[in-house]
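I have placed the structure first, in the form of structure tokens, so that the comments after it can refer back to it.
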Amino acid sequence: MAESAPNPANYSCPAPLGGHAEIQMAHGGGGRLTQQLIERIFGPAFANPALDARHDGAVLTAPAGARLAFTTDSHVVSPLFFPGGDIGRLAVYGTVNDLAMCGARPRWLSAGFILEEGLPVATLERIVAAMAEAARKAGVQIVTGDTKVVERGKGDGLYVNTAGIGWVEHERVIAPASVRPGDVVLLSGDIGCHGMAILAQREGLAFESPIESDCAPLWPAVEALFAAGVEVHCLRDLTRGGLATAVIEIAETAGLAMALEETAVPVGEPVRGACEILGLDPLYVANEGRFVAFVPAAQAETALATLACTAPGGPPARIGAVRGGPAGEVTLRSVVGVERILDRLSGEQLPRIC
Ligand code: MG
């Protein structure tokens, strides 16, 4: 396909399918609604050469010899709209961020929509417009997709699955297996905003300072680390289960220990206050635009300086170090200097968060 940048002029949605139209189950011929949605909503919003070909799949050209990264994620967040974001933005950023965490430049996405009968077409249009804008910001094209409609009461409005392909433009292996004892653990910014924004919206809680989701694309910060010559060993975005879960997973996979300093972890006052009221630990609250980077100690300052200019939600912080063992053990030294072992949560702290 042609490597043209998505044309921002194509992102405005056309007039809706009638003023107060709702998604209906297909009557005699399942393709008609899908056809209308493609022509009136998805096509104009996502326009790019591969999608415009209107074929069964997108035929794409990757750089010769490139290693590809490929990932998928389903999005069931409730409510569909929340302070700082919506399910559409989340569906784009969730997938491009997983590619970025593989050290890959995000390039193409698919989008599969499951729509509940009765969903206002205007709601779908808002979400699609948000996805188009997020895709443009993240430098990706939505090149193929699918729509299914389920009966009223069986779909909760809308679910979106996105899969993504990116390419790896370097020889490094960015993975838990590359983490080494002596590496430092860097955190890109303050934690807990996404989870607390959703919870506040869902429960109708009003905090003194409203909390907005941190959802944002992370590739620019990762690319800047590479450009600065930082020998990145591993990256992980802090989604479901938050910072604690991400670090525990990497420690277990790498067979190493991690020692974190609680006082070094940035938590904004509104998030800290909301967590205290609700009895939640910000270390386990989901984020959609924050990540940890494992880098050699000698490069910590270069990496922090780079993240300070490029990572959303900064300033970044050095929050801990990697030790040789015991394998899989993550300790947290508290504000008063007491060290304790961090455990995985037995269940999900907050369901339907992404
Ligand atoms: Mg991830």
Kindly determine whether E261 and R318 satisfy salt bridge (charged side-chain N to carboxylate O under 4.0 Å, His left out), including the steps that lead there.
-> CA-CA 9 Å; E261 298 285 337; R318 175 179 179 154; over 6 Å; no
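Summarising the geometry, atom CZ belonging to F291 is positioned 14.5 Å from atom CD1 belonging to I191; distances are rounded to the nearest 0.5 Å. How far CG of L109 is from CZ of F46: 9.0 Å, rounded to the nearest 0.5 Å. Interatomic distance, T71 OG1 to D98 CG, rounded to the nearest 0.5 Å: 4.5 Å. Atom SG of C215 is separated from atom CD of E288 by 7.0 Å, given to the nearest 0.5 angstrom. To the nearest 0.5 Å, atoms CD1 (I114) and CG (N161) are separated by 8.0 Å.
The hydrophobic cluster containing L235 does not contain I250, counting ILVMFWY residues as joined when their side-chain heavy atoms lie under 4.5 angstrom apart, directly or transitively.
Salt-bridge formation is not detected for the pair R67/E169: no Lys NZ or Arg NE/NH1/NH2 atom is positioned less than 4.0 Å from an Asp or Glu carboxylate oxygen. Of the charged side-chain nitrogens involved, at least one lies within less than 4.0 Å of a carboxylate oxygen, so that K137 and E133 count as a salt-bridged pair. Taking the charged nitrogens against the carboxylate oxygens, D52 and R54 have no contact shorter than 4.0 Å, which rules out a salt bridge. Using a 4.0 Å cut-off between charged nitrogen and carboxylate oxygen, R105 and E223 count as a salt-bridge pair. Salt-bridge annotation for E249 and R236: present, with a side-chain N of the basic residue lying under 4.0 Å from a carboxylate O of the acidic one.
Taking the six-membered ring for Trp, H75 and Y159 have ring centres at least 6.0 Å apart.
Judged by a 6.0 Å distance limit and a 45° cone about the ring axis, R126 is positioned over the six-membered ring of F81.
When atom types are taken as modelled, the side chain of T123 and the backbone of L119 share no donor-acceptor pair closer than 3.5 angstrom.
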